[in-house]
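FYI, side chains are in, hydrogens and waters are out, and symmetry mates aren't considered; it's all heavy atoms of this structure. Within every chain, numbering begins at 1; the chains are lettered A, B, ... in the order of the sequence lines, protein sequences first and strands thereafter.
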Number of protein chains: 2
Amino acid sequence: MLIGSQTWEFRNKPVIIGAATVVGPEEGEGPLASDFDFTYDNLEINEKTWEKAERKLLEHAASLALVHANISKDELSFFIGGDLMNQIISATFAARQLMTPYIGIFGACSTSMESLALASFIVDAGGANYVLAGTASHNCTAEKQFRYPTEYGSQKPPTAQYTVTGAGCGVVTSTGSGPRVTHATIGKIQDLGVTDPFNMGAAMAPAAADTIVTHFKDTGRSPADYDLIVTGDLATVGHEIVSDLLKRDGVDMNLTEFKDCGLMVYDLENQPFVIAGGSGCGCSAVVTYGHILKKLKNKELRRVLIVATGALLSPLSFQQGESIPCIAHGVVLESE
Amino acid sequence: MLIGSQTWEFRNKPVIIGAATVVGPEEGEGPLASDFDFTYDNLEINEKTWEKAERKLLEHAASLALVHANISKDELSFFIGGDLMNQIISATFAARQLMTPYIGIFGACSTSMESLALASFIVDAGGANYVLAGTASHNCTAEKQFRYPTEYGSQKPPTAQYTVTGAGCGVVTSTGSGPRVTHATIGKIQDLGVTDPFNMGAAMAPAAADTIVTHFKDTGRSPADYDLIVTGDLATVGHEIVSDLLKRDGVDMNLTEFKDCGLMVYDLENQPFVIAGGSGCGCSAVVTYGHILKKLKNKELRRVLIVATGALLSPLSFQQGESIPCIAHGVVLESE
């Protein structure tokens with residue numbers, strides 16, 4: 001049910017009974033390598049196009065999540081997913097393979113938490129038995145569609161981020177064993193006029209700050225109530241800005257661990273090609289469903305707020321001189 | 001709550017307390033002209049790009065829907081919307097203007113009922129006070145993105161459809177006066193291998209048939225329980241196919257009025273440029289929120305099943321030789 005202005009409190013605390021992450025070779029060499037279920041050793045993911053590669057990541061993660069949840073795809077009430085591709089073709093073609101009722105969404109890199117928030121709401125309210133939430137991104141599909149094909153070898157500024165090649169999926173249901181989803185805060189569009197698609201972190205930071213502040217207001221909580229607060233893919237530039245914005249808003253983030261999935265998924269020193277850090281739909285998805293979920297399961301973490309950020313531009317809106325509208329959706333996970 | 005395999009029954013029957021439709025000049029010369037709230041006399045919608053024109057249609061319909069609902073935008077809990085544009089920029093930029101928490105979705109031309117189904121579910125379960133659901137399409141943005149820019153003057157086959165220039169929005173809440181939303185059936189992807197983007201009706205017909213059959217199975221109802229069953233945008237080719245498919249499945253559609261929004265919005269004889277009929281996100285949206293809602297209000301209709309169909313291809317998936325995955329989401333509206 002709604003508490004405050006834009007937060008859902010899940011009375012029955014839906015549970016993530018199974019989850020899975022599948023990544024590409026570069027993520028498989030990053031600091032979280034051991035948290036992922038499967039690592040492909042080639043960026044082509046053994047497919048003939050980048051788009052088919054991205055789709056395969058999602059289909060692979062979805063099928064592994066079902067195995068980990070110990071259910072068949074016929075038991076799924078719905079698949080809720082989306083991705084960065086035009087007309088979210090990765091999620092749609094994965095839904096075709098799953099043959100399950102499908103709710104397509106678009107939140108760019110916030111899709112991971114938008115889908116988990118909706119899945120949890122629907123399960124909590126008795127609208128589904130099992131819901132699969134998931135998303136994927138691929139470095140080369142994103143570069144090709146939003147910037148320049150990697151094959152062109154164009155240079156990038158130091159604010160640029162590196163789209164994660166990976167997919168993360170979770171199965172949400174009402175009973176069973178696993179981390180619980182207790183709250184979700186749906187974000188508002190924030191647009192402070194950033195027009196540079198090579199500086200997504202700066203564009204998205206105000207959305208993350210707004211959702212974090214709203215979450216605390218709606219729930220009556222503060223940073224100290226969480227073991228970890230993690231933003232989606234702000235990377236070095238954006239994470240510094242969101243920290244500044246929160247300080248200005250009087251939120252003392254020193255009371256908790258405050259991280260960013262884009263800074264966790266790669267080793268910036270030894271993987272310098274990621275420049276400012278990771279991004280993409282898969283970024284917060286693989287960190288959440290891989291790394292964070294494992295730490296909640298073994299009780300290293302007790303309560304986490306994940307705020308996935310999305311830059312909702314299109315190449316065309318950018319070409320027409322529009323600034324970048326951004327959003328952030330927050331979800332709270334608790335250990336059992 | 002979930003009944004059967006993929007249908008939600010709304011126990012508190014959320015109400016559409018206000019709705020609005022805004023259309024372009026061609027829709028304003030069609031048979032439903034008097035049902036629309038505002039008709040622009042120019043296809044440019046007084047804007048400098050087609051994309052800005054599409055966005056303006058949605059922003060205009062959203063603001064009129066709020067006026068008709070007699071609420072301010074600050075009272076909205078969420079805006080749930082999407083459109084056909086890459087990265088759903090029309091809905092996102094409208095959300096930026098509304099400054100309301102935003103759930104972006106993508107269902108191509110099924111977006112109208114996907115958004116209304118989600119809005120009704122969330123309101124019914126106490127997750128929102130007021131939710132705005134809406135979508136828009138523009139003939140020239142769709143032609144430019146999915147086929148050829150209109151300015152090229154390319155020819156079309158007789159199966160081609162004409163994207164509606166228009167937007168439709170509704171405000172859903174738990175109490176008040178207006179038509180009620182009682183059920184929603186979330187569709188599964190159907191893909192029978194059609195690869196021709198100039199024959200969307202044939203591609204989408206199996207999805208419409210599947211959702212209609214599932215709706216009857218889940219609810220225990222039959223066509224005779226409805227005054228009107230209407231598909232989204234199958235037009236002449238697709239509507240004939242869905243009728244055949246339903247007959248083969250043993251569903252006697254002669255027991256009720258069975259129409260298609262794509263055949264209702266234009267006069268195919270006097271507007272021959274629409275070829276097989278209307279399509280696009282705006283098609284089922286303007287027919288539902290304009291025409292059908294008015295007939296429910298004045299009790300000419302008592303119970304209607306609207307099955308909005310979506311062809312979830314992207315230009316790129318088509319260019320890579322993929323067939324067209326399709327979906328249909330159904331929503332039941334009842335007069336008070």
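- Neither the backbone nor the side chain of B:D124 comes within less than 4.5 Å of any heavy atom in chain A.
- Your options are A:S110, A:S77, A:G127, A:G126, and the one with the most heavy-atom pairs under 4.5 Å with chain B is A:G127.
- Interface with chain A: from residues 309-325 of chain B, residues B:L312, B:L313, B:S314, B:P315, B:L316, B:S317, B:Q320, B:E322, B:S323, B:P325 qualify, criterion being any non-hydrogen pair under 4.5 Å.
- Counting non-hydrogen atoms of neighbouring residues, nucleotides and ligands closer than 6.0 angstrom, the CD1 atom of A:I3 exceeds 12 such neighbours.
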Kindly indicate, with the supporting measurements, whether the criterion side chain to side chain contact (heavy atoms under 4.5 Å, CB included) is fulfilled by A:I122 and B:L2. CA-CA 9 Å; A:I122 291 169; B:L2 188 69; over 6 Å; no
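- Atom CD in A:Q6 sits 8.0 Å away from atom OG1 in B:T100 (nearest 0.5 Å).
- Proximity to chain A is limited to the side chain of B:F146, based on heavy atoms less than 4.5 angstrom apart.
- If you take CZ on B:F106 and OG1 on A:T92, they are separated by 6.5 Å, rounding to the nearest 0.5 Å.
- Remark: B:K73 NZ is packed, more than 12 non-hydrogen atoms of other residues, nucleotides or ligands lying under 6.0 Å away.
- With chain A as partner, the option from B:G107, B:A95, B:A125, B:G187 having the largest number of non-hydrogen pairs under 4.5 angstrom is B:G187.
- Of the atoms belonging to B:Q145, it is side-chain heavy atoms, and not backbone ones, that fall under 4.5 Å from chain A.
- Contacts from residues 78-88 of chain B to chain A, taken as heavy-atom pairs separated by less than 4.5 Å, involve B:F78, B:L84, B:M85, B:N86, B:Q87, B:I88 in sequence order.
- In this structure, CD on A:E114 lies 9.0 Å from CD1 on B:I105, to the nearest 0.5 angstrom.
- Using a 4.5 Å cut-off between heavy atoms, A:I103 contacts chain B through both its backbone and its side chain.
- Residues B:I327 and A:Y102 share a closest heavy-atom pair of CD1-O, 3.5 Å.
- At a 4.5 Å heavy-atom cutoff, B:R11 makes no contact with chain A through either its backbone or its side chain.
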